[in-house]
Amino acid sequence: MDTLFEVSQSDDHGPVARQVRGPEALLEGLNPQQRAAVEHSGSPLLVVAGAGSGKTRVLTSRIAYLLGARGVHPGQIMAITFTNKAAAEMKERVTALVGGRANVMWVSTFHSMCVRLLRREAKNLDLRSSNFSVYDADDSRRLITLVSRELDLDPKRYPARTLAVHISNLKNELIDPVEAADRAGNDLERRVAEVYTAYQRRLTESNSFDFDDLIMRTVRLLQTRPDVAEHYRRRFRHVLVDEYQDTNHAQYELVRALVGTGTEDGVEPGELCVVGDADQSIYAFRGATIRNIEEFERDYPQARTITLEQNYRSTQTILTAANAVIARNTNRREKRLWTDLGDGDKIVGYVGDNEHDEAAFVASEIDRLVDTGDANFSDIALFYRTNNNSRAFEEVFIRLGLPYRVVGGVRFYERREVRDALAYLRLLSNPDDTVSLRRVLNVPKRGIGDRAEACVAAHAERERVSFAAALRDAADGKVSLLNPRSQRAIAGFVELTDELRALVTDGKDVAEVLDTVLERTGYRGELEASDDPQDASRVDNLTELITVAREFVQAEATAPEPEEPEIDDAGQPAQGSLEAFLERVSLVADSDQTPDAGDGVVTMMTLHTAKGLEFPVVFCTGWEDGLFPHQRALGDPTELAEERRLAYVGITRARQRLYVSRALVRSAWGQPMANPASRFLDEIPAELVEWKRVEPVRSSAPTSATRWGSNRSQVGGGDSAQAGLGARGMRSTPFKGWQDTPAMKLDVGDRVSHDKYGLGTVVATDGSGPRATATIDFGTGGTVRLMLIGGVPLTKL
DNA sequence: TAAGGGATCGTTTTT
DNA sequence: CGATCCCTTA
């Protein structure tokens, strides 16, 4: 399951595994700063680790050093990361250094760590069972939809998505529903507080936690139960946190609570080591707050800070570009990456006529690099800002037969059929799990429609019982207003789930249970009978899921979890059990879809996904204002700074060769859009870039709203049209700028005439460009909202 | 209850 | 352009 990504940590970072285990050997090959970070003891330590500065190496060496040179017991170490991949890699590398005793350390993600702790402490948490479900964003949004529907909220005004974001933010700030209600200052906040209150009640009833709860509840437990906190403080004397710049407030408090101040209970504070890089903070939109790393010295006055600036990954050219771009962000801690690897090649720039031209250039360049032996396909990565931008590249790659793989997008565990199957499993494990229950209640169609579901829900509410209990009542005919047809269907469903649950009780393994579920519910049958080609691939995915389950069972059987040197290990799911499997799939989003060198394919992904990886050759594409930086960031300095960090992340992924490209015109949802060069391109010193093709200078300067021919980023240039294989030349793209298809300009109060509705008055307008709409009162014809794109039979009077 | 058509609306996403 | 949602109709 844990296929590690080998490209990302190459051996030229210095020696990795050593046979010699003396203290000195553990420090060998480290530069002075790295060494200081490994040796530092006592006070809190902040390691500011620039991109490619050997951060993981420092973390793993530090752990090895704690064990090998400072006599720390592995059971006293907790190392926290954000991804399972990072956790697995750290564990593996420490094991390589110190051997199997590494297994008793807690090396895990924030979320896994919290689940583990919460399961152990179930008895202290008024939980009905330690078998709680963990809701991911999708489950949580479903529950919010349910709740806001019950509260009769207008889903247009209060979309579940928005509510979910607000509730998540509140939880990240450790604000509970009561406090949220107290603080609510406007209509939206009051509604959010209402929904939050009901949502939280439902979660409890379902014996479930959402992702944010995992952190928040753990913090609360540690803060309100000194005895529990003391237990963990005594146990974990060393806490290490990776990617500290990505922590949110709740995670910050969690770390504080775990380490302690030494005043709470006479336990000396634990030794804290955090590693991060504020310049690579790109998850603010998910609640990460850069302040945690910026204010570390204030939060921990005794703290020592060590900055790692020597880079072992990229050429100086690449680093100079990255330094120059990130330097535009204000209020940052000055940090300049350097290397002794030499300047290397210039950055290559390309301006395409459109996204197809840009893609053709990238493809031809890749073809050339591989042909000349300068790179293998697997050495090459291609980044874009948003997932939909992979399309043009995929089309060209397919046409030319270049091997590639797209990372990200819709992931395995996010596919509908996989989620349905897992919902069945969760329902068997946790009968109170309402979201899962309602998800599969009528999947496949078994005649339990919205009407019937609403009756059961109403009954549950009235009788103050769980939805599951209400469903049983319905089967027994105790629910009013339910027609006999539905009652029979529900009875059948209840019976089915009981039978399936018996399989679990009988000790059948997850793979068998899953297979039987898909069979007996008719889920697989329905897909197999369908003639929709999509359904065929759904069947494949389900087969794949069974394989995953089977492998999981085998892995658990052959490699049992090492025992911890503790007796209070209650609450850990039994091996090979349904619970263990569910925990794995709910917290491990995807085993690892990043191809490794053996796959021989080009890797495509978003800039966000690229963080933490490195490639010899990197193509940064779509550098256009409006795309990257993203449209929504253009007006907001804070968001723009985050986009710039994203640019910094992108640039610093490259080891030897970096390409930057953009397109003059690209179609966005069918409409051609002309985009000016990304401001980030101008921030790269011109002498570092060799432009293979630049923006054509138009002789008859059109009066367009775009910066057509603004020329800012032209350097070098020269050989234009021949640059890309398949580049169609600048004359062949019949782009009629926006000025040719003007959106009708209307203001409130304008009188209009419509071919169908007749005369009317504009009462509201919304959006702009091709998205512009107007709400028009046509009197007896009614009030209508119309798109103002070309072709509307509408005349301004 | 279920299926088909028409509006609607589109970042990024470690867990 | 496309997935998704909501509302209609059979």
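Source: prediction; values computed, not measured. Each chain gets a letter, A, B and so on, in the order the sequences are listed, and its residues count up from 1.
Applying the side-chain hydrogen bond (donor to acceptor under 3.5 Å, both in side chains) test to A:Asn207 and every residue at least two apart in sequence or in another chain returns nothing.
Look at B:dT11: its glycosidic torsion is within 90° of 0, and that puts it in the syn range.
For the pair A:Arg538 and A:Asp532, the salt-bridge criterion is not met [side-chain N within less than 4.0 Å of a carboxylate O]. Contact check on A:Asp242 versus A:Lys55 returns a salt bridge, with a Lys/Arg side-chain nitrogen under 4.0 Å from an Asp/Glu carboxylate oxygen. The pair A:Glu643-A:Arg385 meets the salt-bridge criterion, with a side-chain N (NZ, NE, NH1 or NH2) lying under 4.0 Å from an Asp/Glu carboxylate O. Ion pairing between A:Arg141 and A:Asp138 holds under the 4.0 Å rule for side-chain N and carboxylate O.
At a cut-off of 3.5 Å, with distance as the only test, no side-chain donor of A:Gln251 or A:Glu253 sits close to an acceptor on the other residue. A side-chain donor-acceptor contact under 3.5 Å links A:Tyr135 and A:Asp433.
Summarising the geometry, atom CZ belonging to A:Arg119 is positioned 7.5 Å from atom CD belonging to A:Glu579; distances are rounded to the nearest 0.5 Å. Note that CZ of A:Phe581 and OG of A:Ser429 are 12.0 Å apart. Values are rounded to the nearest 0.5 Å.
Across the protein-nucleic acid pair, A:Arg142 atom CZ and C:dT4 atom P stand 12 Å apart, rounded to whole Å. One atom, CG of A:Leu640, and another, C1' of B:dT12, lie 15 Å apart when rounded to the nearest Å. Between A:Asp636 atom CG and B:dT12 atom P there is a gap of 18 Å when expressed in whole angstrom units. Spacing between atom CD of A:Gln671 and atom P of B:dG10 amounts to 16 Å, rounded to whole angstrom units. Here the C1' atom of nucleotide B:dT13 and the CZ atom of A:Phe412 are 20 Å apart, to the nearest Å. The distance between atom OH of A:Tyr413 and atom C1' of B:dT13, rounded to the nearest whole Å, is 18 Å. A:His630 has its NE2 atom 7 Å from the P atom of B:dT12, to the nearest Å. Nucleotide B:dT15 holds its P atom 9 Å from the CZ atom of A:Arg286, rounded to whole Å.
In the set B:dT15, B:dT11, B:dT13, B:dT15 carries the atom at the smallest distance from any side-chain atom of A:Leu587. Looking at the side chain of A:His111, the nearest of the listed nucleotides B:dG10, B:dT13, B:dT15 is B:dT15. With distances taken from any side-chain atom of A:Arg391 to the nucleotides B:dT11, C:dG2, B:dT12, the minimum falls on C:dG2.
Among the heavy atoms of the strands, none lies under 4.0 Å from A:Thr81. When heavy atoms are screened at a 4.0 angstrom cut-off, A:Glu414 is found touching no nucleic acid atom at all. Within the nucleic acid shown, A:Phe110 has no heavy atom closer than 4.0 Å to any nucleic acid atom. If you check every strand for non-hydrogen atoms under 4.0 Å, A:Glu243 touches nothing.
The aromatic ring of A:Trp669 does not stack onto the base of C:dG2, failing the criterion of a centre distance under 5.5 Å from the six-membered base ring together with planes under 30° apart. An aromatic stacking contact links A:Phe285 with the base of B:dT12, defined here by ring centres under 5.5 Å apart and ring planes under 30° from parallel.
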Under-3.5 Å N/O pairs linking protein and nucleotides 1-3 of chain B:
unit_1, atom_1, unit_2, atom_2, d
B:dT1, OP1, A:Ser486, OG, 3.4
B:dT1, OP2, A:Arg451, N, 3.0
B:dA2, OP2, A:Asn442, ND2, 3.3

Exercise for the section: Any chance you could list the contact pattern along nucleotides 5-10 of chain C? Use B for base contacts, S for sugar-phosphate-only contacts and - for none, protein heavy atoms under 4.0 Å, 5' to 3'. Expected result: ------
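For residues 154-173 of chain A, no pair satisfies ring-ring contact (aromatic ring centres under 6.0 Å, His included), with sequence neighbours left out.
Considering only heavy atoms from C-beta on, A:Tyr384 stays 4.5 Å or farther from A:Leu607 through its side chain.
Ring geometry for A:Phe209 versus A:Phe132: interplanar angle over 60°, hence perpendicular rather than tilted (30 to 60°).
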What side-chain donor-acceptor pairs closer than 3.5 Å can you find for residues 628-637 of chain A, not counting sequence neighbours?
unit_1, atom_1, unit_2, atom_2, d
A:His630, ND1, A:Arg632, N, 3.1
A:Asp636, OD1, A:Thr638, N, 2.9

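Within the 4.0 Å cut-off from OP1 or OP2 of B:dT13, at least one side-chain nitrogen or oxygen of A:Thr609 is found.
Near DNA chain B, defined here as any heavy-atom distance below 4.0 Å, the residues from residues 382-389 of chain A are A:Arg385, A:Thr386, A:Asn387, listed numerically.
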